[in-house]
Asker: 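Quick one: the structure is below, questions incoming.
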Amino acid sequence: MRIDFVTLFPDMFAPVMDASILGRAQEKGLLEWGCVNPRDFSEDKHRKVDDRPFGGGPGMVMMVEPLEKAVESIKKKGSKVILLSPQGETFTDRKASQLAKDGHLVLVCGRYEGVDERALELFDEELSIGDYVLTGGELPAMVLADAVVRKLPGVLKKEEATESESFVSGLLDFPQYTRPRVWRGQEVPEILFSGDHKKIAAWRLSAAKAATKRKRPDLMSRA
Ligand code: 4GX
């Protein structure tokens, strides 16, 4: 998969995209990524990419022209162009699985009050990572990239890829324990040392249901 970010802040990406599992995905040839800066497509002598909103009001709006040129410079047949915005449909793990089937994602990161409404026709989808307001679309774009890339076949090692994971099953993860066996008087549930894998699986399922009911009752109705 290739992911291109359209961003005024390209320096934000390498520390996240080149670290850990995303870095390893590139070494394995499963991921390529890059940035395109709309500022490089500004016609203006001051490389202006934003302007004041018509009708007045606070803040600035991203101009359509540099954005359009930046997107067109990297768009190919079959590219999926996505705007990250609080107005978008909520990004979910299910959506991550769908996007993992695309060969090329173009993730457009807005700044300021947003983008000129006439730019919306550039986008195949508009996605939000949740109902809170950030300073730009860069973090949402990287959140999306992380969730999508870990779905690509071969990216996760066997021991990292859990079938029982939250949201795949519709339940929260079951409780996990590691050494020490006793910590400040709290013991690890005895059944986990039984060696009876059927019993352990049944215990984990019921513990996952209990945790979901207690912490995320909203998921319980969906599971
Ligand atoms: N999930 N923001 C984008 C500027 C903006 C506004 C409108 C395009 C249209 C966010 C989120 C988010 C803040 C990123 C506003 N760009 N994006 N930015 N939550 O809050 O995706």
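Indexing begins at 1, ligand by ligand and atom by atom, following the structure's order.
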Asker: Just jot down the ligand 1 atoms closer than 4.0 angstrom to any heavy atom of Y112, in number order.
Answerer: 4 (C)
Asker: Would R181 pass as a cation-pi partner of F193, given that its NZ or CZ must be under 6.0 Å from the six-membered ring centre and within 45 degrees of the axis?
Answerer: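 Positive - R181 is close enough to the ring of F193 and near enough to its axis.
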Asker: Please indicate whether any nitrogen or oxygen in V115 is less than 3.5 Å from any nitrogen or oxygen in ligand 1.
Answerer: no
Asker: Just need the protein heavy atom nearest to atom 18 (N) of ligand 1, so name the residue and atom and give the distance.
Answerer: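 Heavy-atom neighbour on the protein nearest atom 18 (N) of ligand 1: G110 O, 3.8 Å.
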Asker: Which atoms from ligand 1 have a heavy atom of G130 less than 4.0 Å away?
Answerer: 19 (N)
Asker: Atom CG in L139, atom CG in L134: separation rounded to 0.5 Å?
Answerer: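 If I round to the nearest 0.5 Å, the distance is 6.5 Å.
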Asker: Between Q87 (side chain) and E126 (backbone), is there a donor-acceptor pair under 3.5 Å?
Answerer: no
Asker: To which protein heavy atom is atom 6 (C) of ligand 1 closest, and what is the distance rounded to 0.1 Å?
Answerer: G114 CA, 3.4 Å
Asker: Does D116 use its side chain to pair, donor to acceptor, with the backbone of M62 at less than 3.5 Å?
Answerer: no
Asker: What protein heavy atom is closest to atom 1 (N) of ligand 1, reported as residue, atom name and distance in Å?
Answerer: I129 N, 3.0 Å
Asker: Does K48 NZ have over 12 foreign heavy atoms under 6.0 Å away?
Answerer: yes
Asker: Would you mind telling me if ligand 1 is within reach of the side chain of P140, the backbone, both or neither, using heavy atoms under 4.0 Å?
Answerer: side chain
Asker: Quick one: pull up NZ in K80 and NZ in K101 and give me the separation to the nearest 0.5 Å.
Answerer: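 Taking NZ in K80 and NZ in K101, the distance rounds to 10.5 Å.
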Asker: Atoms of ligand 1 less than 4.0 Å from G137 heavy atoms?
Answerer: 3 (C), 14 (C)
Asker: Would you mind finding which of S85, G59, G136 brings a heavy atom closest to atom 17 (N) of ligand 1?
Answerer: S85
Asker: In ligand 1, which numbered atoms sit nearer than 4.0 Å to a non-hydrogen atom of V133?
Answerer: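 The atoms of ligand 1 under 4.0 Å from a heavy atom of V133 are 20 (O).
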Asker: Work out whether the distance between some heavy atom of F91 and some atom of ligand 1 is less than 4.0 Å.
Answerer: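 Per 4.0 Å heavy-atom rule, F91 does not contact ligand 1.
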Asker: For the pair E160 (side chain) and K157 (backbone), establish whether a donor and an acceptor sit closer than 3.5 Å, ignoring hydrogens and angles.
Answerer: yes
Asker: When rounded to the nearest 0.5 angstrom, what is the spacing between CG in L67 and CG in L83?
Answerer: 8.0 Å
Asker: Using a 3.5 Å cut-off on N or O atoms only, is T135 in polar contact with ligand 1?
Answerer: no
Asker: Starting from atom 13 (C) of ligand 1, find the nearest protein heavy-atom neighbour and note its residue, name and distance.
Answerer: L134 O, 3.1 Å
Asker: Counting only pairs under 3.5 Å, give me each side-chain donor-acceptor contact of residues 104-113, with atom names and distances, residues two or more places apart or in other chains.
Answerer:
from	atom 1	to	atom 2	distance (Å)
H104	ND1	S79	OG	2.7
H104	NE2	D4	OD2	2.7
R111	NE	E138	OE1	3.0
R111	NH1	T135	O	3.4
R111	NH2	E138	OE1	2.9

Asker: If we ignore hydrogens and angles and just use 3.5 Å, is the side chain of S42 paired with the main-chain N or O of P66 as donor and acceptor?
Answerer: no
Asker: Select one of side chain, backbone, both or neither to describe which atoms of M62 lie under 4.0 Å from any atom of ligand 1, heavy atoms only.
Answerer: neither
Asker: Going by the order shown, which atoms of ligand 1 are within less than 4.0 Å of some heavy atom of Y132?
Answerer: 19 (N), 20 (O)
